[in-house]
Amino acid sequence: MLTQLAIRDYAIVDTLDLELAGGMTAITGETGAGKSILLGALGLCLGERSDAASVRHGCERADLSARFDIAALPAARAWLTERELPADDCLLRRVVTASGRSKAWVNGQPATVADLKALGEHLVEIHGQHAHQLLLREETHLRLLDDFAGNRAAVNALSETFRRWQATRKRLKQLSESGDEVQARRQLLRYQVEELDLLALGDEELATLEHEQEQLAHAEETLREAQHAAECCDNDEGGVLTLLNQAMHRLDPLPGSDRGALAEILAMLGEARIQVEEAVRELHRFADATELDPERLAWVESRLGEVHRIARKHHVMPEELPALHRRLQAELDGLEGGEHDLEALRAEVESLRDSWREQARSVGESRQQAAARFGKAVQEQLAFLAMGKARFEVEVSPRQSPQVDGMEEVRFLISANPGQPPRPLAKVASGGELSRISLAIQVVAARHSTIPSLVFDEVDVGISGATAEIVGQLLRRLGEQGQVMTVTHLPQVAAQAHHHLHIEKQAKRDTTLTRMALLDEAGRVSELARMLGGVNLSDRTLAHAREMLDASQQGAAH
């Protein structure tokens with residue numbers, strides 16, 4: 001149930017905070033006062049499309065929020081819980097900037113407009129003033145009957161099965177028609193994958209081969225130079241070690257060689273001799289470990305040549321071959337797997353078709369059973385709306401071919417006068433009759449809705465007199481089951497409401513603003529009098545309004 005609506009700088013509203021309650025709330029005001037603004041603000045909170053015109057002139061943004069009590073709405077709580085949002089409350093917020101961009105939040109967390117729309121479907125059901133025009137479209141008839149029958153979940157499942165069935169049929173057809181192309185592609189992939197299987201290049205192998213090839217190719221030169229370096233250091237005829245020993249032998253007997261500058265020099269020469277001796281040992285060890293292996297070099301170079309050849313063949317870099325191998329293998333597996341196996345696809349198509357038929361049969365039976373009940377319920381409401389002689393029927397007939405929502409067509413038929421056969425609404429009903437028929441159907445649909453908040457936007461257009469009072473009684477009864485908000489121009493309807501919200505437009509200097517307020521009893525009498533007699537309120541008009549309000553409330557109490 002909608003409990004609060006806050007509006008900031010929207011259209012011609014600067015600031016508005018409304019507290020709303022259960023029951024029936026009538027929304028009235030002069031033509032052009034802005035009754036549509038209230039519903040427009042609520043619609044934006046529920047995910048309707050926005051534009052820059054939503055923002056009050058001269059302001060940077062419009063800020064709208066709607067709070068709902070969802071204690072009795074398990075579907076809404078489940079939606080919030082699935083998205084890890086708090087489910088003990090429901091606050092929808094929408095901000096529209098002067099540039100036309102908008103942002104949305106659900107319970108303080110950023111959300112998309114699609115999120116608002118999806119959650120809003122569990123919160124509010126809006127019956128617009130043009131609903132009677134929608135009733136002329138037969139797809140609307142099917143949807144209303146399914147809602148009445150409680151088929152929404154079953155029809156969604158049926159539609160999903162149908163889409164899967166048709167998608168699989170399409171895939172089977174494409175595969176069948178392109179069989180030669182697929183076979184050719186499969187053969188090419190097999191050859192390419194087998195070639196890469198034989199190559200069996202590891203992810204890091206290329207770098208290893210290139211490093212080894214460089215070492216093997218330069219092994220002879222490396223060995224020769226290492227041996228020459230060792231000889232330069234350790235040669236009896238002028239090697240580094242020999243010269244170091246001679247230098248130390250000449251300096252050692254000199255005076256002061258055991259201290260001072262000569263002692264430090266001798267120490268450094270001694271350390272140099274130790275380092276050279278260690279280097280000579282390492283050079284000999286390196287030379288002993290270096291092997292000349294022309295056969296291994298030839299194999300490595302041959303392997304590298306094969307890698308580069310296959311890389312050129314596939315127009316990739318050599319290091320990309322392992323990834324290419326995996327990609328081609330995956331494509332081949334797909335072509336040879338169950339998804340592209342014609343027999344498997346045929347079996348899947350048959351299974352989905354049989355499943356759809358079974359689901360469609362169950363939905364069809366439910367529609368047939370609900371049609372009579374729906375027709376009877378609407379018939380009762382028509383009698384209440386002074387069309388007792390009219391005959392309303394729901395015709396359920398088979399379609400020629402399967403459709404996403406089943407095998408049935410649904411049409412609402414009406415006979416406005418006795419002795420005439422029922423015919424489609426568009427061919428029979430006059431404007432006033434269509435308004436009453438539309439209202440009767442919407443009332444029946446609303447009674448079977450799982451959504452407790454219902455909005456009726458001028459659904460009483462074309463109705464007047466005693467029938468208008470009956471319309472008000474119908475809406476009041478619906479409000480007693482939950483929450484009903486109705487925009488109306490009829491005092492007979494407004495008098496039946498539990499609460500009365502008045503909207504008026506005020507002009508101050510160069511600014512036009514809309515004000516909305518819940519009326520007390522005296523305010524209701526004045527507003528009903530205005531609706532009855534215009535701007536100049538006489539004592540007689542006020543007395544009539546008081547009498548109408550008292551009679552409506554007393555009648556409701558009984």
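Here the structure is a predicted model, which is why all the values come from computation and not from measurement.
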Side chain to side chain contact (heavy atoms under 4.5 Å, CB included) between Glu301 and Leu297, intermediate numbers included: CA-CA 6 Å; Glu301 290 181 339; Leu297 175 60; 3.6 Å; yes
Residue pair Leu38, Leu18: steps toward the side chain to side chain contact (heavy atoms under 4.5 Å, CB included) verdict: CA-CA 10 Å; Leu38 181 65; Leu18 286 177; 3.7 Å; yes
Stepwise side chain to side chain contact (heavy atoms under 4.5 Å, CB included) test for Arg367 and Leu142: CA-CA 9 Å; Arg367 287 169 176 164; Leu142 179 62; 3.5 Å; yes
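Between atom CG of residue Leu92 and atom CG of residue Leu42 there is a gap of 9.0 Å, rounded to the nearest 0.5 Å. Taking CH2 of Trp356 as the reference point, atom CZ of Arg163 lies at 13.0 Å (rounded to 0.5 Å). Interatomic distance, OG1 of Thr112 versus CH2 of Trp105, reported as 13.0 Å (0.5 Å rounding). Rounding to the nearest 0.5 angstrom, the gap separating the NZ atom in Lys313 from the CZ atom in Arg309 is 5.5 Å. Taking OG from Ser355 and CD from Glu160, the interatomic distance works out to 11.0 Å, rounded to the nearest 0.5 Å. Once rounded to the nearest 0.5 Å, the distance linking CD of Gln359 with OG1 of Thr161 reads 3.5 Å.
Pairs of residues two or more places apart, or lying in two chains, that qualify as side chain to side chain donor-acceptor pair (under 3.5 Å) and include a residue from residues 318-331 are Arg185-Glu331, Asp197-His325, Asp203-Arg326, Gln329-Asp333. Note on residues 5-14: pairs passing salt bridge (charged side-chain N to carboxylate O under 4.0 Å, His left out), not counting sequence neighbours, are Arg8-Asp17, Asp9-Arg56, Asp14-Arg515. Applying the side chain to side chain donor-acceptor pair (under 3.5 Å) test to pairs two or more places apart or on separate chains, those with a residue in residues 65-81 are Gln4-Arg67, Arg67-Asp89. Within the structure, salt bridge (charged side-chain N to carboxylate O under 4.0 Å, His left out) pairs that include any residue of residues 205-217 comprise Glu205-Arg303, Glu212-Arg296 (at least two apart or interchain).
Checked by atom type and distance alone, the side chain of Asn245 pairs as donor or acceptor with a backbone atom of Leu241 at under 3.5 Å. When atom types are taken as modelled, the side chain of Arg169 and the backbone of Val349 share no donor-acceptor pair closer than 3.5 angstrom. Without hydrogens or angle criteria, Ser159 side chain to Val404 main chain gives a donor-acceptor distance under 3.5 Å.
Heavy atoms from other residues, nucleotides or ligands lying under 6.0 Å from CD of Gln187 number more than 12. Around atom CD of Glu204, no more than 12 heavy atoms belonging to other residues, nucleotides or ligands sit under 6.0 Å away. More than 12 heavy atoms of other residues, nucleotides or ligands sit less than 6.0 Å from atom NE2 of His308. More than 12 heavy atoms of other residues, nucleotides or ligands sit less than 6.0 Å from atom CZ of Arg353. In the displayed structure, His211 atom NE2 is contacted under 6.0 Å by at most 12 heavy atoms of other residues, nucleotides or ligands. Counting non-hydrogen atoms of neighbouring residues, nucleotides and ligands closer than 6.0 angstrom, the CZ atom of Arg164 reaches no more than 12 such neighbours. Annotation for Glu365: atom CD counts as buried by contact number, over 12 foreign heavy atoms lying within 6.0 Å. Counting non-hydrogen atoms of neighbouring residues, nucleotides and ligands closer than 6.0 angstrom, the CD atom of Glu306 exceeds 12 such neighbours.
Residues meeting the side chain to side chain contact (heavy atoms under 4.5 Å, CB included) test with Ala62, sequence neighbours left out: Tyr10, Val55. Qualifying ring pair (Phe, Tyr, Trp, His ring centres under 6.0 Å) partners for Phe374, counting only residues two or more places apart in sequence or in other chains: Phe148, Phe412. Every residue was checked against the side chain to side chain contact (heavy atoms under 4.5 Å, CB included) condition with Thr208, not counting sequence neighbours, and none meets it. Considering only residues two or more places apart in sequence or on other chains, Glu231 meets the salt bridge (charged side-chain N to carboxylate O under 4.0 Å, His left out) condition with none of them. Scored by the salt bridge (charged side-chain N to carboxylate O under 4.0 Å, His left out) test, Asp115 finds no partners at all (sequence neighbours excluded). For Glu271, the salt bridge (charged side-chain N to carboxylate O under 4.0 Å, His left out) criterion is met by no residue, not counting sequence neighbours. Scanning for side chain to side chain contact (heavy atoms under 4.5 Å, CB included) contacts around His314 gives Gln192, Glu195, Ile310, Val316, Leu324, Leu328, with sequence neighbours left out. Residues passing the salt bridge (charged side-chain N to carboxylate O under 4.0 Å, His left out) test with Asp147 are Arg143, Arg152, sequence neighbours excluded.
With contacts defined as side-chain heavy-atom distances shorter than 4.5 Å, the pair Leu20/Met485 qualifies. Between Leu196 and Leu201 there is no side-chain heavy-atom pair separated by less than 4.5 Å. The shortest side-chain heavy-atom distance between Pro398 and Met407 does not fall under the 4.5 Å cut-off. A 4.5 Å side-chain heavy-atom check between Arg101 and Val96 finds every atom pair outside the cut-off. Two residues are said to be in side-chain contact when any heavy atoms from C-beta on lie closer than 4.5 Å; Glu358 and Arg361 meet this criterion. Here the side chains of Glu48 and Leu46 are not in contact, with every heavy-atom distance at 4.5 Å or above. You'll find the side chain of Leu73 stays beyond 4.5 Å of the side chain of His122, heavy atoms only. You'll find the side chain of Asn107 reaches within 4.5 Å of the side chain of Leu91, heavy atoms only.
The nearest pair of heavy atoms linking Pro86 to Leu80 is O-CD1, 3.6 Å. Among all heavy-atom pairs drawn from Val280 and Cys233, the shortest one is CG2-CB, 3.3 Å. Across Leu206 and Pro318, no two heavy atoms sit closer than the pair CD2-CB, 3.6 Å. Minimum interatomic distance between Ala371 and Val396 (heavy atoms only, all atoms of both residues): CB-CG2, 3.7 Å. Residues Leu345 and Arg171 come closest through the heavy atom pair CD2-NH2, 3.5 Å. Nearest heavy-atom pair, Gly47 versus Val113, reported as atom, atom and distance to 0.1 Å: O-CG1, 3.2 Å.
Between Asn151 and the options Asp146, Asn156, Asp405, a side-chain hydrogen bond (donor to acceptor under 3.5 Å, both in side chains) holds for only Asp146.
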